[in-house]
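As the structure is a computational prediction, the values presented were derived from the model and not from experiment.
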Amino acid sequence: MKQASTPAASRGRLIALSAIGAYFSVLLVGGLLHADVPIISPKLIIYLNPWIYGIALVVMTAILWVYGTISRAVVAVFAWLATVLYAVYAAASGGSYYLTFALCGLVAAITALASREVTWTQKKPLTLSPADGKIAVGGMAAVLGGWTLFLLLSGYLSHTLNPSASTSVYAQMMTSLRESFSMGTTLEFGETVSHWAAHISPIFFLYLPFYALIPSPVILMVIQTLAVFSAVIPLWLIARRKGLSAGVSATLCTILCLFPAVWGAAAGSVHEYALLLPLLLWLLWALESGRRPLVWLFAVLVLCVRETAAIHLVTVGLYWAFSRGKDTNEKRKERQSGYLLAASALVYLITAWVVLTLAGKGTLITRFDNVTGMYATDFGTLIREIVFNPALCLYEMLTEAKLHYLLCLLLPLGFIPFLSRKKADLVVLIPLLLLNLLSDFPYHYNTNFPYSFGVAALLLYLSADALAQYRLRRPDGKLASRLLLIAVCSAVIVGGFRIADWTEQVDYTINNDMEYTAISEVLDTLDEDAAVSASGRFCAALADRREIYSLSAKADTEYVVLDLREEWALAGEDDYTVEYYEKLGYSLVKKHEGIIAVLKK
């Protein structure tokens with residue numbers, strides 16, 4: 001280890017790090033000893049004896065200071081670890097966005113301080129071989145992928161899945177595709193309509209062979225999880241092609257796995273947008289490696305995901321064009337290819353919108369009512385407002401919830417994309433601005449839903465590109481290494497905060513197996529061909545039938561299934577009680593008090 005050049009400054013850092021390490025380790029131990037009280041709760045003060053904790057703090061500081069005279073680096077690492085563990089525990093204890101972001105800032109500050117005392121000499125560099133890097137990345141993807149799949153399956157099997165999620169719609173659609181090669185669904189609009197009326201998503205035909213063998217939402221969840229975390233492969237290839245070391249490449253792939261916008265969205269529901277993450281990264285890898293046939297293949301696959309994915313493809317095309325120079329004939333051809341890709345995607349997008357407006361259920365223009373007004377009927381109105389009313393658009397992008405969302409995207413990346421000096425990189429912000437920040441549809445700016453997959457892929461690519469640029473400007477890589485370390489810590493802290501969203505679901509899955517087993521047994525007794533109206537959390541389990549409706553559709557069905565569990569009750573379903581349906585002519589045929597009720601007409 002290399003000591004600091006100024007003794008006074010080094011002694012000051014040692015004292016500061018000793019005090020910091022002692023302070024946060026004592027706080028962490030105190031919080032763990034009183035785990036029944038959240039570590040960030042004012043009530044914790046009641047349990048803290050100031051004399052005991054004061055003495056512990058002084059003694060711990062003295063021990064660390066004495067040890068620091070032997071090895072400052074060990075004290076620095078201890079202080080850093082204590083801060084990180086405290087931050088993760090505090091965030092996961094259930095706080096707020098502001099607390100979580102403050103904890104990220106705290107860890108960043110301690111990382112900057114501690115890293116001054118940990119400098120590896122050139123004789124023993126901390127390196128990672130490409131083979132070890134691949135193993136590390138694969139292991140991380142397997143662990144986080146398994147955790148994500150567990151969250152997704154636990155929600156489905158315990159009937160606590162988010163009722164606003166699309167899992168039940170796509171499960172019913174895949175059943176129709178398997179049985180009649182159509183995409184009919186009753187859940188999407190409360191009537192029998194093809195999914196083509198809402199979205200152009202031929203990518204689901206790739207799911208069909210697997211769903212034909214195992215006709216269950218579970219196989220859709222497995223495929224989605226595998227697809228999402230397979231994105232580490234193209235990201236690794238991109239990073240290595242840009243000249244990043246195996247260690248940096250592995251760290252970047254680790255950030256992908258820890259990214260709350262990745263695992264949180266994948267754990268929320270089954271959605272075709274999840275495929276944008278691997279497909280866009282494979283597309284960008286094909287561009288980097290000069291494999292033009294693969295560029296167009298992945299471009300077509302991206303368009304097959306959903307018509308709005310064309311916006312991401314326009315972005316990639318413009319980036320391809322703007323990032324190439326004009327000095328050679330080959331580069332001019334590259335620019336032309338980029339413009340061709342962007343133009344093709346834009347034509348496809350406009351055509352799809354026209355078709356959906358004339359022959360389908362219309363486009364999703366209602367998700368931009370905050371800009372267009374509630375009476376807008378087409379995206380022309382939106383484009384007009386963007387051009388002639390930019391102040392309103394900027395105002396709508398800077399709401400508190402959207403700033404939270406923006407920080408949840410950028411903090412886990414350590415703001416590394418902003419290291420880039422390429423003007424072309426600004427183009428990548430287009431989908432983030434138009435699809436995520438401009439809309440007032442809450443799922444568009446929530447990392448627990450799939451609309452962040454596309455922008456996550458682009459930001460991860462920008463991170464690799466920015467690190468490659470920085471490596472050329474600063475070969476020592478010190479600042480880049482610190483930013484990567486901060487990014488990993490921030491991803492864990494923000495992820496810890498987001499895990500709190502699943503705490504109740506996981507606890508219910510583990511401790512209430514008799515309840516959801518009873519629910520499953522009741523649902524299995526319903527006639528297979530009968531039309532059913534059900535509470536939102538039961539729809540996924542019943543999606544393998546021709547007619548299944550949510551209660552809000554108020555459909556005239558043979559059966560009605562009500563969720564009576566208070567902890568999983570939905571505000572929008574409060575009016576749909578047993579008494580309500582008995583007045584409509586239904587008779588109660590089965591009921592588990594406080595769990596489930598089935599009525600038949």
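When all heavy atoms of N448 and R498 are compared, the closest pair comes out as ND2-NH2, 3.0 Å. Between Y405 and S452, the shortest heavy-atom contact is OH-OG, 2.7 Å. Pairing each heavy atom of Q224 with each of S269, the nearest pair is NE2-O, 2.7 Å. Scanning both residues, S533 and L551, for their nearest heavy atoms gives C-CD2, 3.9 Å. Between A267 and T148, the shortest heavy-atom distance links the atoms N-CG2, 3.7 Å. The nearest pair of heavy atoms linking P209 to L206 is CD-O, 3.5 Å.
Within the structure, salt bridge (charged side-chain N to carboxylate O under 4.0 Å, His left out) contacts touching residues 259-281 (residues at least two apart or in different chains) are E272-R306. Legend: side-chain hydrogen bond (donor to acceptor under 3.5 Å, both in side chains) pairs involving residues 203-217, not counting sequence neighbours, sorted by first then second residue: T175-Y211.
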Would you check, one step at a time, whether the test side chain to side chain donor-acceptor pair (under 3.5 Å) holds for H159 with S520? CA-CA 9 Å; H159 307 287; S520 299; 3.0 Å; yes

Set out, in order, the CA-CA distance, both residues' side-chain angles and the distance that settles ring pair (Phe, Tyr, Trp, His ring centres under 6.0 Å) for Y508 and W568, then state yes or no. CA-CA 10 Å; Y508 180 82; W568 300 107; 5.7 Å; yes

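In this model, no donor atom of one side chain and acceptor atom of the other lie less than 3.5 Å apart for H195 and S176. Of the N and O atoms on the side chains of Y170 and T185, not one donor lies less than 3.5 Å from an acceptor on the other residue.
The aromatic ring centroids of Y97 and F497 lie less than 6.0 Å from each other. The six-membered or imidazole ring of Y319 lies near that of Y461, with a centre-to-centre distance under 6.0 Å.
A distance-only check finds no donor-acceptor pair linking the side chain of T447 to the backbone of A261 [under 3.5 Å]. A donor-acceptor pair is defined here as one N or O able to donate and one able to accept, closer than 3.5 Å; no such pair exists between the side chain of R178 and the backbone of L208. Here the side chain of Q505 pairs a donor or acceptor atom with the backbone of L151 at under 3.5 angstrom. Here the side chain of K402 pairs a donor or acceptor atom with the backbone of S439 at under 3.5 angstrom. Checking side-chain atoms of T225 against main-chain N and O of M221 turns up a donor-acceptor pair under 3.5 Å. Within the 3.5 Å criterion, the main-chain N or O of V270 finds a donor-acceptor partner in the side chain of T167.
Two residues are said to be in side-chain contact when any heavy atoms from C-beta on lie closer than 4.5 Å; W320 and R335 fail this criterion. Between P293 and W296, the closest side-chain pair of non-hydrogen atoms is not below 4.5 Å. In this structure the side chain of P202 reaches within 4.5 angstrom of the side chain of W196, judged on heavy atoms. By the 4.5 Å heavy-atom criterion applied to side chains, L523 and V598 are not counted as neighbours. Between D465 and K422 there is a side-chain heavy-atom pair separated by less than 4.5 Å. Using a 4.5 Å heavy-atom threshold, the side chains of E179 and M174 count as separate. Taking 4.5 Å as the limit, every side-chain heavy atom of T577 sits out of range of all side-chain heavy atoms of E582. Side-chain contact between M183 and M173 is present, with heavy atoms from C-beta onward closer than 4.5 Å.
Not a single ring-ring contact (aromatic ring centres under 6.0 Å, His included) links F259 to another residue, sequence neighbours left out. Partners of F205 under the ring-ring contact (aromatic ring centres under 6.0 Å, His included) rule, at least two apart in sequence or in another chain, are F181. Among residues two or more places apart in sequence or in another chain, the salt bridge (Lys or Arg N to Asp or Glu O under 4.0 Å) test is passed with R292 by E334.
With respect to the salt-bridge test (charged N to carboxylate O, under 4.0 angstrom), the residues R545 and E528 do not qualify. We find that D440 and R367 are not joined by a salt bridge, their nearest charged nitrogen and carboxylate oxygen being 4.0 Å or further apart.
In this structure, OG1 in T509 is found 6.0 Å from CZ in F150, a value given to the nearest 0.5 Å. Atom CG of L294 is separated from atom OG of S289 by 7.0 Å, given to the nearest 0.5 angstrom. Atom-to-atom distance recorded for S230:OG and L277:CG is 8.0 Å, nearest 0.5 angstrom. Atom CG in L438 sits 8.5 Å away from atom CG in L433 (nearest 0.5 Å). Taking CD1 of I548 as the start and CZ of F538 as the end, the distance is 11.0 Å to the nearest 0.5 Å. Between the CG atom in L459 and the CG atom in L429 there is a gap of 7.5 Å [rounded to 0.5 Å].
A perpendicular orientation is assigned to the rings of Y443 and F441, their planes being inclined by more than 60° (bins at 30° and 60°). Between W263 and W502, the ring planes are tilted. Angles from 30° to 60° get that label. Note: Y576 and Y580 have perpendicular aromatic rings, judged against thresholds of 30 and 60 degrees for the angle between ring planes. H444 and Y451 have tilted rings, their planes meeting at an angle from 30° to 60° on a 0 to 90° scale.
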Let me check something: any side-chain donor-acceptor pairs from residues 342-351 under 3.5 Å, sequence neighbours excluded? List them with distances.
residue : atom : partner : partner atom : Å
S344    : OG   : L340    : O            : 2.7
T351    : OG1  : V347    : O            : 2.8

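T186 pairs in a side chain to side chain donor-acceptor pair (under 3.5 Å) with only one of the listed residues (R546, Q172, E547), which is Q172.
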